[in-house]
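In what follows, every chain begins at residue 1, and chains take the letters A, B, ... in the order their sequences are listed.
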2 protein chains.
Amino acid sequence: MRIGELATKAGVSVRALRYYEEQGLLRSVRSTSGQRHYAEEAVDRVQLIQHLYAAGLASRTIAELLPCVDAKVSTPESRARLSAERERIDRQITELIQTRDRLDAIIELTERPDVTGCLVKASGAA
Amino acid sequence: MRIGELATKAGVSVRALRYYEEQGLLRSVRSTSGQRHYAEEAVDRVQLIQHLYAAGLASRTIAELLPCVDAKVSTPESRARLSAERERIDRQITELIQTRDRLDAIIELTERPDVTGCLVKASGAA
DNA sequence: CTTGCCTCTGACGTCAACGTCAGGTTCTAG
DNA sequence: CTAGAACCTGACGTTGACGTCAGAGGCAAG
């Protein structure tokens, strides 16, 4: 498939795909006229890239991780990098859960209709 | 306390605190000479701000949420906004967990020492 | 063959959350 | 009283992941 189709299927922009290639995250086969062509698997790969971006990884980091994903080969460094990022994501999840809980508490406070007094008086209504 | 102390206690830069004030997220009492002074609670507030940033909220969004946190007052819109952001964070957590699990799978693949063949040959070793 | 959409390569624009530097004031320890 | 740290207000710089525009070529339909 060509770049437009991949963009649609993966839910990203054409520009993003070119950018991924520029960053070494995505490869394409070029036709004689220079147009990019992709296999079906590229859809999955693009989505993985998106998820890693969403997890806060930078292009450089992703570029360092993907080769060992492809080759299923690991050096001590790549393994360290993989688990380091895994831990980072894990901490991020923990933090997000805390933030969500805090938001929940806030919602609880602002939504409680039985403490109507605070809406007007905002005095020490325990 | 003054801005430097707050920065240290909250673990952010002085510049960041001034930026928060500029964005309407943090208030300070000015001394006659113009220096900012904060109460102890500011430490908590700054950390909440940081967590919301970490959860992907923009300054504008935080600025819209904080007043109803402060006043513990809620309009229908503020309630909608609060739970909308809560849902966003929730989806983000789900997505992060998926990404983490995917990383785990990758780590499993690259770390497995019993499939030594793929390190050199990378053939169809099931 | 032409119309119209898709694609190409630069290359500059954007936006947010600060970093950083300049030039001047204020506070505090000795 | 004085040196040095901390603070002030602008205001420009930075970074990453793209958006967007310009100008030129490619491809299927009629």
Given C:dC18, C:dC8, C:dA17, the nucleotide with the shortest approach to the side chain of A:Ile3
C:dC8
Specify the separation, in whole Å, of atom OH of A:Tyr53 and atom P of D:dA17.
5 Å
Flag if over 12 foreign heavy atoms under 6.0 Å of CZ, B:Arg79
yes
Without decimals, in angstroms, what is the distance between B:Met1 CE and D:dC7 C1'?
16 Å
Assign each of A:Val14 and B:Gln23 to its nearest nucleotide of DNA chain C by heavy atoms, then name whichever residue's nucleotide is nearer the 5' end.
A:Val14
Would you tell me if any nitrogen or oxygen in the side chain of B:Arg18 comes within less than 4.0 Å of OP1 or OP2 on D:dC8?
yes
Return the value, rounded to whole Å, for the distance between atom CZ of B:Arg60 and atom P of C:dA17.
11 Å
Between A:Thr32 and B:Glu5, just flag the one whose closest nucleotide in DNA chain D comes earlier from the 5' side.
B:Glu5
Once rounded to the nearest 0.5 Å, what's the spacing between atom CD of B:Glu21 and atom CG of B:Leu17?
9.0 Å
To the nearest Å, how far apart are A:Leu52 CG and D:dA17 C1'?
15 Å
Do the side chains of A:Glu40 and A:Lys9 get nearer than 4.5 Å, heavy atoms only?
yes
Measuring to OP1 and OP2 of C:dC27, would you say a side-chain N or O of B:Ser33 lies under 4.0 angstrom away?
yes
Just how far, in rounded Å, is C1' of C:dA16 from OH of B:Tyr20?
12 Å
Would you say B:Gln35 and B:Arg30 are linked by a side-chain donor-acceptor pair, where the criterion is simply a distance under 3.5 Å?
no
Would the base of C:dT20 count as contacting B:Arg15 through its side chain, where contact means a donor and an acceptor less than 3.5 Å apart?
yes
Atom CD1 of A:Ile49 and atom P of D:dG16: how far apart are they, to the nearest Å?
17 Å
Do the side-chain N or O atoms of A:Tyr19 get closer than 4.0 angstrom to the phosphate oxygens (OP1, OP2) of D:dC18?
no
Position toward the 5' end of DNA chain C (nearest nucleotide), B:Arg2 or B:Ser13
B:Ser13
A:Ser31 side chain near D:dG26 phosphate (N/O to OP1/OP2, under 4.0 Å)
no
Could you pull out every donor-acceptor pair under 3.5 Å between side chains of residues 53-66 of chain A and any protein atom, sequence neighbours left out?
unit_1	atom_1	unit_2	atom_2	d
A:Tyr53	OH	A:Ser59	OG	2.6
A:Arg60	NH2	A:Glu64	OE2	3.1
A:Glu64	OE1	A:Arg81	NE	2.7
A:Glu64	OE1	A:Arg81	NH2	3.1

Identify whether any heavy atom of A:Arg30 sits under 4.0 Å from a base atom; if not, whether one sits that close to sugar-phosphate; answer base, sugar-phosphate or nothing.
sugar-phosphate
Please report, rounded to the nearest Å, how far the C1' atom of C:dC18 is from the CG atom of B:Leu26.
15 Å
Please tell me if B:Ser59 has a side-chain N or O lying less than 4.0 Å from either OP1 or OP2 of C:dA17.
yes
Measure NE2/A:His37 against P/C:dT7 and give the value in whole Å, please.
9 Å
Picking from C:dC6, C:dT9, D:dC8, which would you name as closest to the side chain of B:Arg36?
D:dC8
